[in-house]
Amino acid sequence: MRVLGIETSCDETGVAVYDTQAGLLADTLYSQVDMHAAYGGVVPELASRDHTRKLLPLIQTTLDDAGLGRNDLDGIAYTAGPGLVGALMVGAATAHGMAHALGIPVLGVHHMEGHLLAPMLEETAPAFPFVALLVSGGHTQLVEVKGLGHYRLLGESVDDAAGEAFDKTAKMLGLSYPGGPAVARLAEQGDTARFRFPRPMTDRPGLDFSFSGLKTHTLTTANALREAGELDDTGRADIARAFEDAVVDTLVIKCRRALEQTGLTRLVVAGGVSANVRLRERLDTEIARRGGQTFYPRGRFCTDNGAMIAYVGAQRLAAGERDTGTMHAVPRWPLADLAPPDAS
Ligand code: KG4
Ligand code: ZN
């Protein structure tokens, strides 16, 4: 089954074609980052308008890349949530309109299920069951995954997501949006011994996260350095390093704990923050030491993309799942509400 995937939940327009026999046939991405950078974050109305401008040409480019015509498609999948509702509606309406015109099934899929299963697009894909750490701009979650649609939430952030904390730290340090890659780059020059930031909620049992206290600690440190006239390049790099070390340590401790608690050995890490090199290095070492294995999506499939949506859509559409009636665009949608396709 050949499925077109459409992702428009936030600030990237992503389109891909996934074939359940031949794998990924094409994927294209248009990033709105430059447009939003001027405002220091995503402006929802501008995001929707840009998706409207870019989506149809991008679908055509993707089909051309795959050497396919519209009539070669067997189904269409789109991100139905969670995300910005106006942005989601662009993808949902386009998918439904196209599917109706072509007389093929259409399905709204969950954005975080896309991230969760993105490592399935790699040559060394993880087998079920596994623990997944989902770390994006809007979510930080640990999930026990027994199969497609069998998700048990083990823990999540009670306040800011890890990516959000990276973005806010970047703003404090005068770095550009999106902040994660910028903070990670600056941290490379930082001295790991100068500051030690707190590792929130690691000293008590449980698998929940909290990053807002760490954010406040970062702000207090930056303000103190500014007052002392020391918020120069070195000071900013040292703060970036201390912040990144604290986030990475916290995530590593909780992942280790989640594997111990579930008795599982495979760890999948996905979502924008999974692109972080130091996080990958630390997890690889720590998990291998305990006889476990780590799995990640390739770099460009860590952040938002159409391939992960085409993949999830293809699995579910091939199992007979489809939207009946109207399109879906849901800003909030807990991952644990998902069910396997045969149970829906
Ligand atoms: O998954 P994603 O593209 O969008 C959401 O679904 O939220 O994640 C975007 C987040 C942003 O907060 C961005 O700063 C962060 O991922 N990010 C990183 C890195 N690359 C992206 N954070 C830390 N290190 C990185 N290398
Ligand atoms: Zn995402």
Side-chain angles (χ1 to χ4, degrees), residues 5-14 16 27 29-33 36-37 40-42 44 47 78-84 87-88 91 109-119 132-141 143 156-157 160-173 175-188 190 209 211 214-215 218 240-241 243-252 268-283 296-309 311-312 331-333 335:
I6 297 175
E7 156 64 36
T8 63
S9 69
C10 191
D11 57 350
E12 328 264 359
T13 316
D27 85 283
L29 188 77
Y30 174 78
S31 175
Q32 304 177 351
V33 158
H36 297 294
V42 180
Y78 63 95
T79 303
L84 303 171
L88 290 167
V109 304
H110 195 291
H111 181 79
M112 296 311 292
E113 185 176 40
H115 278 304
L116 179 74
L117 297 179
L133 171 69
L134 296 176
V135 266
S136 70
H139 295 81
T140 304
Q141 298 182 320
V143 186
E156 66 182 332
S157 178
D160 292 359
E164 196 179 349
F166 266 97
D167 294 338
K168 288 177 178 168
T169 295
K171 262 194 181 171
M172 291 175 211
L173 299 176
L175 301 171
S176 60
Y177 161 85
V183 170
R185 263 194 309 276
L186 186 62
E188 277 169 31
F209 304 88
F211 290 108
L214 177 60
K215 181 186 66 190
T218 307
R241 183 61 200 250
F243 168 82
E244 189 183 48
D245 281 350
V247 174
V248 167
D249 250 11
T250 306
L251 295 175
V252 169
V268 160
V269 191
V273 184
S274 69
N276 186 279
V277 173
R278 217 176 309 274
L279 176 65
R280 287 185 177 215
E281 284 171 0
R282 284 286 316 283
L283 280 173
Y296 310 89
R298 74 193 76 165
R300 74 175 193 283
F301 293 162
C302 288
T303 43
D304 294 348
N305 65 86
M308 65 186 195
I309 302 304
Y311 176 81
V312 169
R332 284 175 197 282
W333 184 5
L335 182 72

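Atoms within each ligand, like the ligands themselves, are counted from 1 in listed order. Values below: all heavy atoms of this structure, side chains included; hydrogens, waters and symmetry mates excluded.
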Q | Test side chain to side chain donor-acceptor pair (under 3.5 Å) applied to R282 and D249, N276, D245, the passing residue | A | D249
(Q) Quick one, P331 and P82 - any side-chain contact, counting heavy atoms below 4.5 Å? (A) no
Q) Of the non-hydrogen atoms in V273 and A162, which two are nearest, and what is the gap between them? A) CG2-C, 4.3 Å
Q.
Looking at non-hydrogen atoms alone, which of S9, G180, A270, G271 comes nearest to atom 22 (N) of ligand 1?
A. G180
Q) Do any heavy atoms of H111 fall under 4.0 Å from ligand 1? A) yes
**Q.** Interatomic distance, L88 atom CG to W333 atom CH2 [nearest 0.5 angstrom]
**A.** 10.0 Å
Q. Closest heavy-atom contact between A307 and N305?
A. N-OD1, 3.0 Å
Q) Would you call the rings of F166 and F243 parallel, tilted or perpendicular, where under 30° means parallel and over 60° means perpendicular? A) perpendicular
Q | Minimum heavy-atom distance E244-R278, with the two atoms named | A | OE1-NE, 2.6 Å
Q: State, with a plain yes or no, whether a side-chain heavy atom of V42 is found less than 4.5 Å away from one of Y177.
A: yes
Q) For G137 and ligand 1, does the shortest N/O to N/O distance drop below 3.5 Å? A) yes
Q.
Tell me the nearest of G272, G179, G299 to atom 8 (O) of ligand 1, using heavy-atom distances.
A. G272
Q | Ligand-residue contact atoms, ligand 1 with T303, heavy atoms, under 4.0 Å | A | 3 (O)
Q. Tell me: protein heavy atom nearest atom 24 (N) of ligand 1, and distance?
A. N276 ND2, 3.0 Å
Q: Return the residue, atom name and 0.1 Å-rounded distance of the protein heavy atom closest to atom 2 (P) of ligand 1.
A: D304 OD1, 3.4 Å
Q: Could you list which atoms of ligand 1 come closer than 4.0 Å to a heavy atom of G138?
A: 7 (O)
**Q.** Numbered atoms and elements of ligand 1 in range of H115, under 4.0 angstrom, heavy atoms
**A.** 1 (O), 6 (O)
Q | atom 11 (C) of ligand 1: the protein heavy-atom neighbour that sits closest, reported with distance to 0.1 Å | A | D167 OD2, 3.6 Å
Q: Give the minimum heavy-atom separation between S157 and D160, together with the two atoms involved.
A: OG-O, 2.5 Å
Q) P181: heavy atom below 4.0 Å from ligand 1, yes or no? A) yes
**Q.** ligand 1 N/O within reach of G163 N/O, cut-off under 3.5 Å
**A.** yes
Q. Do D27 and R300 have side-chain heavy atoms sitting under 4.5 Å apart?
A. yes
**Q.** Count, waters excluded, of protein N, O or S atoms under 2.8 Å from the Zn ion (ligand 2)
**A.** 3
Q. Going by an N to O cut-off under 4.0 Å, is there a salt bridge joining D167 and K171?
A. no
Q. Would you call the rings of F209 and F211 parallel, tilted or perpendicular, where under 30° means parallel and over 60° means perpendicular?
A. parallel
